[in-house]
Amino acid sequence: MKKISLFPILIVLLFLCNSVMAQDTDKSKFHFGLKAAPALSWFVPSDKNFTNDGSKIGFGYGLMTEFNFSKNYAFSTGLEILNAGGKIRFPDSTLSKKLNEKNDTFVVTSTSYGLRYINIPLLLKLKTNQIGAMTYFGQFGFDVSFKWRALANNEAKLNGTPITVEDVNFSEDINFLRLALNVGLGAEYNLTGSTSVVFSINYNNGFTNAMVKNSKFLSTKNYSALTQKVVFNYVGLTVGILF
């Protein structure tokens with residue numbers, strides 16, 4: 001945990017250093033800002049043991065920076081904390097176990113995951129010329145995400161009776177690294193000088209397995225090994241301010 005907690009601090013210090021350097025050279029080439037991003041997220045399973053059981057509303061927030069190559073092209077990056085997740089349903093026979101000598105049976109039927117990532121977008125930003133106070137843009141690139149935390153609420157059956165088991169630590173079942181395609185459209189409203197309000201909608205499509213290949217949480221003496229292959233996607237609405 002110490003390594004993960006130090007990582008954002010190092011990134012923030014790097015951005016602050018870049019900010020000072022940029023302001024000393026050419027303010028128009030560098031922009032620094034803050035953003036908030038509500039998101040709708042879901043899982044896309046590619047294994048018969050899993051089916052999508054619904055989406056979740058999440059929230060992201062953090063820092064954003066832009067390095068302008070020219071008037072119409074920029075490299076956009078930053079650092080954000082993403083809280084999102086999704087729901088997965090299993091066949092009743094997949095996660096069944098005997099609890100004791102009385103043969104009480106516990107069956108996991110559905111799991112709702114709450115994931116937290118440290119996310120770094122790496123985007124090419126293509127901008128129009130300013131039209132009145134507005135500038136429109138498109139974004140294309142990739143996201144690199146690092147798992148911070150993974151909790152889950154399990155819907156289950158105990159001897160056929162529905163129960164809920166909350167806040168189960170599923171961290172070992174979620175891959176530490178996530179890579180994704182990020183595309184978006186948006187606009188900037190110029191307030192004054194180099195300060196603008198930014199709005200965008202982005203589609204984030206994961207292309208790496210969000211979960212470990214073989215479940216560590218479920219691969220115990222009580223369960224047979226469960227193979228997992230699931231990608232994690234979301235649509236986010238960004239509202240921010242660039243200085």
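Predicted model, so just to flag it, every value in this text is computed and none were measured.
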[X] and [Y]: which non-hydrogen atoms are nearest, and at how many Å?
{"X": "G33", "Y": "L242", "answer": "N-CD2, 3.9 Å"}
{"X": "G206", "Y": "A180", "answer": "CA-CB, 3.7 Å"}
{"X": "G141", "Y": "L181", "answer": "O-CD1, 3.4 Å"}
{"X": "T238", "Y": "A37", "answer": "OG1-CB, 3.8 Å"}
{"X": "A150", "Y": "I174", "answer": "CB-CG1, 3.6 Å"}
{"X": "S41", "Y": "G85", "answer": "OG-O, 2.6 Å"}

Item checked: Qualifying residue, where the test is side-chain hydrogen bond (donor to acceptor under 3.5 Å, both in side chains) with D143 and the options are N202, N204, N205 -> N204
Looking at [Y], is its backbone amide N or carbonyl O close enough to the side chain of [X] to form a donor-acceptor pair, meaning the two atoms are under 3.5 Å apart?
{"X": "N169", "Y": "S171", "result": "yes"}
{"X": "H31", "Y": "F243", "result": "yes"}
{"X": "K56", "Y": "Y113", "result": "yes"}

Item checked: Test side chain to side chain contact (heavy atoms under 4.5 Å, CB included) applied to F137 and T128, V198, L185, the passing residue -> V198
In the structure I gave you, are the side-chain heavy atoms of [X] and [Y] within less than 4.5 Å of one another anywhere?
{"X": "V212", "Y": "E172", "value": "no"}
{"X": "N83", "Y": "Y61", "value": "yes"}
{"X": "S76", "Y": "Q139", "value": "yes"}
{"X": "K147", "Y": "I118", "value": "no"}
{"X": "L82", "Y": "L115", "value": "no"}
{"X": "L123", "Y": "T77", "value": "no"}
{"X": "Y136", "Y": "I131", "value": "yes"}
{"X": "L63", "Y": "E80", "value": "no"}

If you group Ile, Leu, Val, Met, Phe, Trp and Tyr by side-chain heavy-atom gaps below 4.5 Å, do [X] and [Y] land in one group?
{"X": "I57", "Y": "V239", "result": "no"}
{"X": "L151", "Y": "Y234", "result": "no"}
{"X": "L122", "Y": "I81", "result": "yes"}
{"X": "F142", "Y": "V231", "result": "yes"}
{"X": "Y203", "Y": "L124", "result": "yes"}

Check: In terms of side-chain geometry, is the basic nitrogen of K87 or E155 positioned less than 4.0 Å from the acidic oxygen of its partner?
Finding: no
Once you round to the nearest 0.5 Å, how far does [atom1] of [X] lie from [atom2] of [Y]?
{"X": "E66", "Y": "S194", "atom1": "CD", "atom2": "OG", "value": "11.0 Å"}
{"X": "Y189", "Y": "T195", "atom1": "OH", "atom2": "OG1", "value": "13.0 Å"}
{"X": "N209", "Y": "S46", "atom1": "CG", "atom2": "OG", "value": "7.0 Å"}
{"X": "I88", "Y": "D53", "atom1": "CD1", "atom2": "CG", "value": "8.0 Å"}
{"X": "T161", "Y": "I163", "atom1": "OG1", "atom2": "CD1", "value": "8.5 Å"}
{"X": "K127", "Y": "Y73", "atom1": "NZ", "atom2": "OH", "value": "11.5 Å"}

Note to self: Test side chain to side chain donor-acceptor pair (under 3.5 Å) on N153 and S112; report intermediate values, then the result.
What the structure shows: CA-CA 5 Å; N153 294 333; S112 176; 5.2 Å; no
So, [X] versus [Y], ring centres under 6.0 angstrom or not?
{"X": "F69", "Y": "F75", "answer": "no"}
{"X": "F146", "Y": "Y117", "answer": "no"}
{"X": "F43", "Y": "F232", "answer": "yes"}

Check: Does the side chain to side chain contact (heavy atoms under 4.5 Å, CB included) test come out yes or no for F207 and L179, once each step is laid out?
Finding: CA-CA 6 Å; F207 51 80; L179 303 177; 3.6 Å; yes
Notebook entry, point to check: Are side-chain N/O atoms of K213 and N175 paired as donor and acceptor at under 3.5 Å?
Noted result: no
Checklist line | Within 6.0 Å of CG in L126, more than 12 heavy atoms from elsewhere | finding: yes
Next item on the list: Starting from the C-alpha separation in whole Å, work towards a yes-or-no answer on side chain to side chain contact (heavy atoms under 4.5 Å, CB included) for N233 and V44.
Entry: CA-CA 7 Å; N233 300 338; V44 181; 3.4 Å; yes
Next item on the list: Give the intermediate values and the outcome of side chain to side chain contact (heavy atoms under 4.5 Å, CB included) for residues F199 and L237.
Entry: CA-CA 7 Å; F199 308 90; L237 175 66; 5.8 Å; no
Checklist line | Worked verdict on V197 versus E188 for side chain to side chain contact (heavy atoms under 4.5 Å, CB included) | finding: CA-CA 6 Å; V197 176; E188 297 179 13; over 6 Å; no
